Amino acid sequence: MENSAYLALPLFAGLAAGDIPAALAALDALCRPFAKGETLLEAGQHGAPMGVVLAGRVLIEHLDLWGNRTLLGRAAEGELFAETYAFLPDQPMLVSVVAAERGEALFLDPGKLMAPGGEPWRWQMMQNLLHILAGKNLNLARRSLYTAPKTIRERVTAYFSTLAVQKGSLEFELPFDRQQLADHLGVDRSALSSTLSAMQRDGLLTIDRRRVCLKKAEGL
C-alpha cells in the first residue's frame, strides 16, 4: 500500500505522507490479507493488536458456550476493530473477528503511540483515535436502543428507525443479510422473517433483500 493511500484512512488523517513510514515502524505495523470466513482474532486471545480494515469487511461476533451467535458489529474499509483489547492486553477477548469477504487488514500496537517522543504524527494519531473511539461509543449506545426492547417487532422498529435517522431518509440499505440481521438483533431468523412479513402486511414497510422503505413512520 502506498504511503499516500494511508492518508485516506481516518486513523492517519492529517499526517504528512512522509510521516507514514515512521508511524508504521513505531507501531509495529503488519499488513495481512484474509479470505472470506477466516478468523482474524479469536475469543479468549490475549494481547490482541488493533486492526484497521484496508479492504473488505470483517464481522465482530460473540459465540456463547451453547453455540448461540450474536453479531455485535462490523468493520468496513478504513474502520478499526479490537482497539479496546489492544489497550487492555491482560483482558481476554470476548469476541471473535471473522472476515465477511476477502480483504486485507493492518495490525498495529496503539499503546506505542504513548511512547516518549514529541513527533507531531503521534499527537495527530492520538486525536484521530480519540475521535474514532468516541464515535464507536456512540454506536454502542445506539445499539442499546434496539436490543433493550423485549419483542422482535420492537427491536426491528427501533433499529430501522435508527437507520432512517442516520441516513436522513425512510429508504436505506441494510448493512447485514437476513441471518446477520437476526444475529445482530439477538433474535431467531425465522421469527424475524415472520415479523418482517407481518410488518409488510400491515403497510409499515417494504423490504427487498437488503433494501428497506418505511411506509408509515408514525406507525413505527
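What you see is a predicted model; the values in this text were computed from it and never measured. This chain uses plain numbering: 1 for the first residue, then up along the sequence.
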Atom pair [atom1] ([X]) and [atom2] ([Y]), whose distance is rounded to the nearest 0.5 Å:
| X | Y | atom1 | atom2 | answer |
| --- | --- | --- | --- | --- |
| Ile152 | Thr195 | CD1 | OG1 | 4.5 Å |
| His62 | Leu71 | NE2 | CG | 12.5 Å |
| Asp64 | Thr70 | CG | OG1 | 7.0 Å |
| Lys150 | Arg155 | NZ | CZ | 11.0 Å |
| Ile132 | Asn137 | CD1 | CG | 14.0 Å |
| Gln124 | Phe12 | CD | CZ | 12.0 Å |

Is it true that Leu138 and Leu133 fall in one hydrophobic cluster, defined by side-chain heavy atoms closer than 4.5 Å?
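Looking at the clustering, Leu133 is in a separate group from Leu138.
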Joint hydrophobic cluster, Leu7 plus Met126, side-chain heavy atoms closer than 4.5 Å
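Same cluster: Leu7 reaches Met126 through Ile, Leu, Val, Met, Phe, Trp or Tyr contacts under 4.5 Å.
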Minimum-distance pair of heavy atoms, taken over all atoms of [X] and [Y]:
| X | Y | result |
| --- | --- | --- |
| Thr206 | Gln200 | CA-OE1, 3.5 Å |
| Pro175 | Arg210 | O-NH1, 3.5 Å |
| Phe87 | Pro110 | CZ-CB, 3.5 Å |
| Met125 | Ala23 | SD-CB, 4.1 Å |
| Ser190 | Asp188 | N-OD2, 3.0 Å |
| Ala43 | Ser96 | N-OG, 3.0 Å |

Which ILVMFWY residues can you reach from Val165 by hopping between side chains whose heavy atoms are under 4.5 Å apart?
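The other cluster members (ILVMFWY side chains, heavy atoms under 4.5 Å, direct or chained): none.
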Remaining members of Phe81's ILVMFWY cluster at a side-chain heavy-atom cut-off under 4.5 Å?
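Hydrophobic cluster check, Phe81: joined to Phe34, Leu40, Leu41, Val53, Val58, Ile60, Leu72, Tyr85, Met93, Leu94, Val95, Val97, Phe107.
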Under 3.5 Å donor-acceptor, Asp177 side chain and Gln180 backbone:
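Yes; judged by distance alone, with no hydrogens or angles, the pair exists.
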Can you tell if the side chain of [X] reaches within under 4.5 Å of the side chain of [Y], non-hydrogen atoms only?
| X | Y | value |
| --- | --- | --- |
| Leu9 | Leu54 | yes |
| Leu108 | Leu113 | no |
| Val52 | Leu80 | yes |
| Glu83 | Leu11 | no |
| Leu106 | Leu24 | yes |
| Met50 | Leu27 | no |
| Asp183 | Leu59 | no |
| Lys215 | Leu204 | no |

Any side chain to side chain donor-acceptor pair (under 3.5 Å) pairs touching residues 42-53, not counting sequence neighbours?
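Every pair satisfying side chain to side chain donor-acceptor pair (under 3.5 Å) with a residue in residues 42-53: there are none.
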Which residue pairs satisfy the side chain to side chain donor-acceptor pair (under 3.5 Å) criterion with at least one member in residues 1-24, sequence neighbours excluded?
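For residues 1-24: none.
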Apply side chain to side chain contact (heavy atoms under 4.5 Å, CB included) to the pair Leu163 and Gln166, showing each step before the final yes or no.
CA-CA 5 Å; Leu163 290 179; Gln166 288 179 315; 3.6 Å; yes
Is it true that Glu101 and Lys36 have a side-chain N and a carboxylate O under 4.0 angstrom from each other?
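Answer for the salt bridge query: no.
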With Asn139, the side-chain hydrogen bond (donor to acceptor under 3.5 Å, both in side chains) member among Lys136, Arg143, Arg142:
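Of the listed options, the one satisfying the test is Arg142.
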Evaluate the side chain to side chain contact (heavy atoms under 4.5 Å, CB included) criterion for residues Ile20 and Trp121: first the C-alpha distance (whole Å), next the side-chain angles of each, then the deciding distance (0.1 Å), finally the verdict.
CA-CA 9 Å; Ile20 298 299; Trp121 64 262; over 6 Å; no
ring-ring contact (aromatic ring centres under 6.0 Å, His included) contacts touching residues 122-142 (sequence neighbours left out):
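Applying ring-ring contact (aromatic ring centres under 6.0 Å, His included) to every pair that reaches into residues 122-142, excluding sequence neighbours, yields nothing.
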Taking ring-ring contact (aromatic ring centres under 6.0 Å, His included) as the cut-off, I'd like each qualifying pair that reaches into residues 134-159, sequence neighbours left out, listed once.
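Found Tyr146-Tyr159, Tyr146-His184, Tyr159-His184.
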So with a 6.0 Å cut-off around CZ of Arg102, is the heavy-atom count from everything else above 12?
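No.
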Test side chain to side chain contact (heavy atoms under 4.5 Å, CB included) on Val212 and Glu171 and set out the steps.
CA-CA 6 Å; Val212 176; Glu171 295 189 35; over 6 Å; no
